[in-house]
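Read the numbers this way: they start at 1 and go in the same order the structure lists the ligands and their atoms. In this chain, numbering begins with 1 at the start of the sequence shown.
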Amino acid sequence: MIFMDFETVQQQDKAYLAGTYRRFPVCLTEGSGATLKDETGKEYIDFGSGIGVNAFGVGDEVWKNAVIEQVNRIQHASNLYYTQPQVRLAQLLIEKTGAKKVFFGNSGAEANECAIKVARKYSFDRYGEGRYEIVTLKNSFHGRTIATLSATGQDALHTNFMPFLEGFTYAEPTISDLERHLSPKTCAVMLELVQGESGVRELDRAFVDYVAEICKERDILLIVDEVQTGNGRTGKLYAYQHYGITPDVVTTAKGLGGGLPLGACMMFERTQNVLVPGSHGSTFGGNPVCCAGAYSVLSRLTDEFLLEVQGKAAYLRTHLNHLPNVEKVTGIGLMIGLQIKDRKASEIAAKCLERGLLVLTAHERVRLLPPLCVTKREMDDALNILKEVLS
Ligand SMILES: *Cc1c(COP(=O)(O)O)cnc(C)c1O
């Protein structure tokens, strides 16, 4: 490994990489848990966890051993053959959720692509052509592929790539507006229970209850996008468990692989037999190394551990609520949004970075997604930095 100084990395990134990212001015090189280092050895407390991906932080021994053990056996086999990690992980997901079948892809967008195909085929199998519309919510985020961008209810993202995929309509998260968007053409409603990218906004319980009920009544599928909220992030294994609903399809990704790319589309009772040979697939999907890592993550998300996550979340939220200029603390569990008075979230994130704290933004809010293994000391250090920056 040749170490480059930061300026060289920045210049070469600009020269050679597609200009898709506005990056923070730091190059991360190593770390342990929620404490990371750049190439100069400067330390950062990580309250972003790679956008909710590194569930057990960086360098977690259990995860590393699971991954290394699988790399030493076989790194990939293709879905033309059986592999044990894939089966083991699917079984564990099903055991913990009540889902009936799982399809593995490589990302959140891919998990959602699968859900969209499942919704359309479910309806086609039962009702024939024409019942293909999916209602999603305003300010939702479902991914960057053409289909998942089409599903994303943000006008600002519906530019440049026309035509988008037809068959999506965007409702406000209110009973009356949803009602207005449902039609005989509707095959599914797709939503995030806590909208992540658009500001960490949790949906209202009465609204979610209503959606679940109306979907059942009209044989419309309820798809819950748990790409960000899933895998312990909110203090339950999946956020739908806070709401006491049973969705027809749940998608997840980010934290599932513990740092390796893995997405899952889980199908419940009504949707379990929709996919058949030839109807969907993925070359890398369910890669044995990713699945072995995911198994080590998921098997440790026990009720006991999730109670600890809830405790950490309560501790952070209490203290965050008392910081200067914090108007509101949103979200559930360790998926936290901060509404700050009169300051831009991007400016706060930049100031935190200078002082050694990595935070994210989501529209006008600061977004905190610490790894689930974050320690009391790391939380206290982060709170001190935030206090300084917000004063
Ligand atoms: C991140 C995210 C996605 C997209 O996931 P990718 O892995 O980037 O494709 C989809 N839905 C939600 C709710 C997300 O937070």
- prompt: At a non-hydrogen distance cut-off of under 4.0 Å, which region of K254 contacts ligand 1 (side chain, backbone, both, or neither)?
  reply: side chain
message: List ligand 1 atoms under 4.0 Å from D225, heavy atoms only on the residue side.
response: 10 (C), 11 (N), 12 (C), 13 (C)
query: Where do L369 and I336 land on the side chain to side chain contact (heavy atoms under 4.5 Å, CB included) test, with the steps shown first?
result: CA-CA 7 Å; L369 302 172; I336 303 173; over 6 Å; no
field: N112 and D225: side chain donor to acceptor below 3.5 Å
entry: yes
field: Residue pair T35 / S32, side-chain donor-acceptor N/O under 3.5 Å
entry: no
- request: May I ask you to list the atoms of ligand 1 that are less than 4.0 angstrom from any heavy atom of S107?
  value: 7 (O), 9 (O)
statement: Among S198, G108, G52, P261, the residue with a heavy atom nearest to atom 7 (O) of ligand 1 is G108
Candidate with minimal heavy-atom separation from atom 10 (C) of ligand 1, of E110, H142, E192: H142
- prompt: Looking only at atom types and distance, does a side-chain atom of T8 sit under 3.5 Å from a main-chain N or O of M4, one as donor and one as acceptor?
  reply: no
task: Please determine if G143 has a nitrogen or oxygen closer than 3.5 Å to a nitrogen or oxygen of ligand 1.
output: no
query: For ligand 1, does N112 get within less than 4.0 Å through its side chain, its backbone, both, or neither, judged by non-hydrogen atoms?
result: side chain
query: Do Y44 and K37 come within less than 4.5 Å of each other through their side chains, counting heavy atoms only?
result: no
query: Are the aromatic rings of Y81 and H76 close, with centres under 6.0 Å apart?
result: no
- line: The atoms of ligand 1 lying under 4.0 Å from a heavy atom of A109, numbered in the order shown, are 4 (C), 5 (O), 6 (P), 9 (O)
